[in-house]
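Convention: sequence-line order gives letters A, B, ...; per-chain numbering from 1. Just the heavy atoms: all of them, side chains too, but no hydrogens, waters or symmetry mates, feed the values below.
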There are 2 protein chains.
Amino acid sequence: MADVPPPRGFPDAEYAARLDRVQQAMAPAGLDALLLTTEADIRYLSGFLTQFWQSPTRPWYLVVPRAAKPVAVIPEIGAACMARGWVDDIRTWSSPHPTDDGVSLLYATLEECAGSGGTIGAPMARETHLRMPVQAFDALRHALDFADASAVMRNVRMVKSEREIDKIRHVCTLVSNAFDRAPKLFAEGQSDIEAFRAFKLECLRQGVDDVSYLVGGAGPGGYGDIISPPAGRALGRGDVLILDTGCVYDGYFSDFDRNFAIGAADDAARRAYDTVYRATEAGLAAARPGATSADLFGAMQTVLEAGGALGNAVGRLGHGLGSELTEPPSHAAFDDTVLSPGMVITLEPGMEFAPGRNMVHEENLVIRDDGAELLSRRAAAELPVIG
Amino acid sequence: MADVPPPRGFPDAEYAARLDRVQQAMAPAGLDALLLTTEADIRYLSGFLTQFWQSPTRPWYLVVPRAAKPVAVIPEIGAACMARGWVDDIRTWSSPHPTDDGVSLLYATLEECAGSGGTIGAPMARETHLRMPVQAFDALRHALDFADASAVMRNVRMVKSEREIDKIRHVCTLVSNAFDRAPKLFAEGQSDIEAFRAFKLECLRQGVDDVSYLVGGAGPGGYGDIISPPAGRALGRGDVLILDTGCVYDGYFSDFDRNFAIGAADDAARRAYDTVYRATEAGLAAARPGATSADLFGAMQTVLEAGGALGNAVGRLGHGLGSELTEPPSHAAFDDTVLSPGMVITLEPGMEFAPGRNMVHEENLVIRDDGAELLSRRAAAELPVIG
């Protein structure tokens, strides 16, 4: 179970390599600068790591020129934290501000970095948003030329470095350790709220920095909704309990779940577990360079349908994983993203196997030259009965 | 220390009252419908409580008509969780979707709710963002009439109900209990990472649902940056340690900090602590209905300046608190928001008292007819020396 935590942070060379890849993608897209506004995009190119993003008050900006290091345009409160990272040019204003909350400073920086008449890319397509006021963006668009740059950050961030993979592997190992202790953590009669709390405590004891995300459900023979918080219901004999967690180490997520039967399991739940386990196996076998997300979807969906799946409300059977709980691509029939070495993804086959009763599995892996390297410790082949 | 957790959730009457206040604010603003996209706004009028917001992939929409209950336009994966809440009309699509990720459904719902030629309000001013793709919002704006509605949600949400206050008071009590155990949690030689972990474990043991936010710092005689994560430095004798946490109970935050000297405190740190403590006292005395956020700022700033403050990078001396870690108003010279009973706020006087050395205090309170009711247990009057 021993696992040495990888070093925190990244060397400058890692940021330089990331920037190089981003700038190489900007040129053919005709982009003279990028405007980034979200935690994950800004951290990727600056190393700016802070939970302060949970405060929605202040906007944060990173401007990426086509041939120079990024420039941070941020509230003064973040200057010291940003200075710990890779960015040298840090421009600040006192925020919040009633009439000009950084917009003039941002405008001047964009104009300087993109040049006169230059085109500025920003993520604007599906699965993105701009974390800045609409009015502020409208003001910029009134005077500067913007184009969608969703693909630039998406395609670069999708392929992880070995240092990123090490962090994800580490947090996956810690969470696997925590799930291994399930028989000591969960029991019949325990309220689901206390079960969640016991699991959060265990993950922290194992060494994760944060249990940022923990959802789940439990019900007789299977669970319904899997994204709600626990409601105070006591675990009953014959319940199937699922916990799906995104834990964090040094800014990188795990995202996988485990299922447990409390005291006893009925045949339908065992069969559903087996079907979804085999769907995961099919996904693991298909996860090789050159395959697409749609191929992964097809491999898993074939098993689920043969196993009697009534449906799946999730809309996909897994996704990318990294500094965000969910990242592109989506394992869905429509997603032709080609898998390549270094991509970290989840496989998340799930199905409604009886009305209101679901079974969802999830594993985390990295694509290697010769196929999948599991980052999570593989779930038990049969539905574990505990408590 | 005993504290009975308030019931989870809210009765339908609470949501009906919230909607009534929102709709009363919509009418004079000439708004026929509202479009809400963020976790806090959507939860406020629907009860949709889930950590699934951490997945950035899917957009979520709530449409508020001028004279009817809200309509949810959401990914199918959220339908069961949304149905636990107050909204009856739940319209879903399978998300993510490659070509129409809910936009057509949202468009039809907005047109239906706002009526032909109606005006749709959305938060677009400072301290807001739209959590949806720019391209999707552009498509809506191409055919529908939008106006800024930042003030509607801001002004209604700023004044809390007694049930909301009970949840905030509860989580503040739990965190106060955790801070009371500081002498058992922190010690000279402990790494700051382990100090943070010990505090997170203690907060969970006390009963918080999540330690969503924990930042801080430590340094000889004072700390610099207060929004960075811990870096692995060992606490040394004479360090001043600050922990600033936003813990959550049933979707409502605490947000306050505490300072501790490790083993010994020098005179400058003690004096700075005393100054900031007295600034908080001045803020508490000024926190009455009819006073403004600017008045609170002035009361605290006067004490800080007399105490030798070199500056303050935070940009304000406290803010609103509720379902978000920071909410309007801002205690700053520019913010003329008039305090009224039911408003939950922080007082957060802080200053740089020597180059690179800061002292920040924070308390949480609710405005009552006769002044401030503290929700956090008041910090010690003198810098506590522990370890």
Side-chain angles (χ1 to χ4, degrees), chain A residues 8 49-52 54-57 75-81 84 94-96 98 101 122 124-137 148 197 200-201 204-205 209-215 224-225 227-229 231-232 246 313-316 319 324-326 330 332 334-335, chain B residues 8 49-52 54-57 75-81 84 94-96 98 101 122 124-137 148 197 200-201 204-205 209-215 224-225 227-229 231-232 246 313-316 319 324-326 330 332 334-335:
Chain A
R8 290 177 185 267
L49 178 64
T50 171
Q51 291 188 325
F52 201 67
Q54 287 183 51
S55 168
T57 304
E76 192 182 347
I77 191 174
C81 184
R84 295 185 179 198
S94 178
S95 178
D101 207 13
M124 299 196 276
R126 72 180 168 86
E127 303 187 25
T128 73
H129 70 272
L130 285 189
R131 189 185 177 282
M132 65 183 292
V134 170
Q135 289 179 348
F137 190 57
D148 175 47
R197 186 185 316 284
K200 289 173 187 174
L201 287 165
L204 283 167
R205 280 190 219 105
D209 292 342
D210 286 291
V211 188
S212 289
Y213 180 77
L214 179 63
V215 299
D225 162 28
I227 70 165
S228 288
V314 177
R316 59 183 180 180
H319 51 79
E324 294 180 297
L325 177 70
T326 71
S330 293
F334 65 78
D335 194 327
Chain B
R8 289 176 186 268
L49 178 64
T50 171
Q51 291 188 322
F52 201 68
Q54 287 183 50
S55 168
T57 305
E76 191 181 348
I77 192 175
C81 183
R84 295 184 180 199
S94 179
S95 178
D101 208 13
M124 298 196 276
R126 75 181 166 87
E127 302 187 25
T128 72
H129 70 273
L130 285 188
R131 189 185 179 281
M132 65 183 293
V134 169
Q135 289 180 348
F137 189 57
D148 175 46
R197 187 185 315 284
K200 290 172 187 175
L201 287 165
L204 283 167
R205 280 189 218 106
D209 292 343
D210 287 290
V211 188
S212 290
Y213 180 78
L214 179 63
V215 298
D225 162 27
I227 71 165
S228 288
V314 178
R316 57 184 180 179
H319 51 78
E324 295 179 297
L325 177 70
T326 71
S330 292
F334 64 78
D335 195 325

Fill in: Part of A:Ser55 lying under 4.5 Å from any heavy atom of chain B
both

Worksheet item: Are any side-chain N or O atoms of B:Thr50 and backbone N or O atoms of A:Ile227, one a donor and one an acceptor, separated by less than 3.5 Å?
Response: yes

Worksheet entry | A:Ser94, part contacting chain B, at a heavy-atom distance under 4.5 Å | side chain

Worksheet item: Under a 4.5 Å heavy-atom cutoff, which of A:Arg131, A:Glu76, A:Met124 has the most pairs with chain B?
Response: A:Met124

Fill in: A:Ala231 versus chain B, the contacting section by heavy-atom distance below 4.5 Å
side chain

Response to the item:
Applying a strict 4.5 Å limit to non-hydrogen atoms, the region of A:Arg8 in contact with chain B is side chain

Discussion item. At a 4.5 Å cut-off on heavy atoms, which part of A:Arg197 comes close to chain B: side chain, backbone, both, or neither?
Written reply: side chain

Practice prompt. Would you check if A:His319 and B:Thr57 make a side-chain contact, meaning some heavy-atom pair closer than 4.5 Å?
Written response: no

Worksheet entry | Options A:Asp148, A:Val211, A:Thr326, ranked by heavy-atom pairs under 4.5 Å with chain B, top entry | A:Thr326

Practice prompt. Tell me, for B:Ser330 versus chain A, whether the close heavy atoms (under 4.5 Å) come from the side chain, the backbone, both or neither.
Written response: side chain

Discussion item. Return the CG to CZ distance between B:Asp225 and A:Phe52, rounded to the nearest 0.5 Å.
Written reply: 10.5 Å

Discussion item. Please verify the inter-ring angle class for B:His129 with A:His129; under 30° counts as parallel, over 60° as perpendicular, anything in between as tilted.
Written reply: parallel

Discussion item. Between B:Ala332, B:Ala80, B:Cys81, who has the most heavy-atom pairs with chain A when the cutoff is under 4.5 Å?
Written reply: B:Cys81

Item to complete: Could you have a look at A:Leu325, A:Thr128, A:Val215 and say which one has the most heavy-atom pairs with chain B under 4.5 angstrom?
Response: A:Thr128

Practice prompt. Side chain from CB out, backbone as N, CA, C, O: work out which of these in A:Glu324 comes under 4.5 Å of a heavy atom of chain B, or both, or neither.
Written response: side chain

Worksheet item: Is there side-chain contact between B:Leu49 and A:Ser228, with at least one heavy-atom pair below 4.5 Å?
Response: no

Fill in: Contacting moiety of A:Ala125, where chain B heavy atoms sit under 4.5 Å
both

Worksheet item: Are the side chain of A:Glu127 and the backbone of B:Pro96 linked by a donor-acceptor contact shorter than 3.5 Å?
Response: no

Worksheet entry | Reported CG-to-CE distance for the pair A:Leu130 and B:Met132, which is rounded to 0.5 angstrom | 11.5 Å

Worksheet, complete the sentence: Among B:Gly315, B:Gly246, B:Pro56, the residue with the most heavy-atom pairs under 4.5 Å to chain A is B:Pro56

Response to the item:
In terms of heavy-atom contacts, A:Tyr213 and B:Gln54 come closest through CB-OE1, 3.9 Å

Practice prompt. Measure the shortest side-chain to side-chain distance between A:Asp210 and B:Lys200 over non-hydrogen atoms and say whether it is less than 4.5 angstrom.
Written response: yes

